[in-house]
Amino acid sequence: MVYLGVDLGGTGIKVGLVTEKGEILAKGSTPTLRERPYQAIIEDIANLCKRVVRDAKMDMADVGAIGVGVPGICDPNTGIIPFCTNLGWHKVPFVEEMHKHIDKPVIVDNDATVAGFAESIAGVSAGSSSSVFLTLGTGVGGAIIINGKPYSGAHGVGSELGHMIIRVDGDPCNCGNAGCFERYASATAIIRMAKEVLPAYPNSRILTRVGGDQSRINAKTVIDCAKEGDPAALAAFGQYVKGLATGIVNIIHTLDPEVIALGGGVSMAGDFLLDAVRREIPKMVMYKTMPFARIELAQLGADAGIIGAALLGKQ
Ligand SMILES: [Zn+2]
């Protein structure tokens, strides 16, 4: 049996035909064109699914189920997507709409949850029964895997790890609260931290790199300059690592998972980030002599979304 995995994003839709072990047999993509009615977008998803199955020279009868990762919150029990800010969706009956085009079981879940699930089966957390996955991008997405299954809580709104509040009255967050983890651990955070320290370092390499135009600073600029030893970049990076490690320690104290995997744009910093975070965490864990979660870099990259979505269907 094979499974279809759909990675539904704000700009693109990716579909893959995936084996039970998480290997991709064929894949395809199409633009989301998100200003369209949801019915048109879902019809495109269904057509892309059919095309990918044909490209793999297989038949819909070989497909066990279709899993879909959505950038919002999902109700896996009803198949309704209550909120998807990225697509402007509100109470979209996703599964019902898919069934107008394809007669297969359809399972929906949050995109970060799906990517973390993929890592727990075919990536860096494979073989562990409990793991947490963090995507360090524009915001911070989270996934919790317990006993080999994604955990989203009693009402489907759990695992919002990016919105754990780690500082009372801290930096304002898009969610309406302040001091959320993602304000200290996202790519957006590292850019803000660099801009905050720059006035004290007028000769910083960061400024040379962007031709003096601070609006061109991205996370990679700051990390590259930190790797090269630039004092301003190191000051911002040090703050960033402290924020990231603080959230991770909260996760360790709450869940004590076997593995915490870091993915998303900032994780491209590789061992430079991993080594710094690994140095910071032991300072804050409570039981100093006890073992705690391995902190690792995610392995599956951009394909995690389709692999994890497909494997949702296998459960
Ligand atoms: Zn928030």
Side-chain angles (χ1 to χ4, degrees), residues 8-11 34 69-76 81-92 108-117 131-145 150-196 217-219 222 236-255 257 260-267 269 273 277 280-281 284 295 298 304-305:
L8 172 58
T11 49
R34 60 179 158 189
V70 179
I73 62 167
C74 298
D75 185 340
I81 298 173
F83 291 105
C84 180
T85 319
N86 225 342
L87 296 172
W89 285 7
H90 185 57
K91 290 188 183 160
V92 167
V108 287
D109 214 326
N110 170 267
D111 57 355
T113 299
V114 158
F117 184 49
S131 60
V132 166
F133 173 73
L134 295 171
T135 47
L136 312 173
T138 310
V140 171
I144 300 170
I145 312 297
Y151 180 79
S152 302
H155 312 94
V157 294
S159 84
E160 286 288 0
L161 299 173
H163 299 280
M164 289 189 289
I165 295 171
I166 64 166
R167 187 174 296 179
V168 174
D169 296 332
D171 202 64
C173 183
N174 293 332
C175 73
N177 284 325
C180 292
F181 182 37
E182 74 170 31
R183 299 304 301 159
Y184 302 91
S186 59
T188 316
I190 200 166
I191 296 165
R192 186 189 75 244
M193 289 163 179
K195 287 179 178 169
E196 282 168 3
I217 299 172
N218 59 32
V222 184
F237 184 72
Q239 267 186 48
Y240 174 83
V241 166
K242 201 156 187 194
L244 177 57
T246 301
I248 290 176
V249 169
N250 285 336
I251 294 166
I252 290 172
H253 288 161
T254 312
L255 294 169
I260 298 176
L262 307 180
V266 182
S267 73
L273 174 71
V277 172
E280 201 64 31
I281 289 170
M284 290 182 275
I295 315 299

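First listed ligand is number 1; within each ligand, the first listed atom is number 1. Below, each value reflects all heavy atoms present in this structure, side chains not excepted, and no hydrogens, waters or symmetry copies.
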Decide yes or no for R192 and T188: does some side-chain heavy atom of the first lie under 4.5 Å from some side-chain heavy atom of the second?
no
Which residues and atoms, counting only protein N, O or S, are under 2.8 Å from the Zn ion (ligand 1)?
H163 ND1, C173 SG, C175 SG, C180 SG
Any L136 side-chain heavy atom under 4.5 Å of L273 side chain:
yes
So with a 6.0 Å cut-off around NZ of K242, is the heavy-atom count from everything else above 12?
no
Would you confirm whether the ring centroid of F83 sits within less than 6.0 angstrom of the ring centroid of H90?
yes
Determine the sole option in L244, I281, I166, T254 for which the side-chain contact (heavy atoms from CB on, under 4.5 Å) test with V249 is passed.
I281
Determine the sole option in I251, I295, V266 for which the side-chain contact (heavy atoms from CB on, under 4.5 Å) test with L134 is passed.
I251
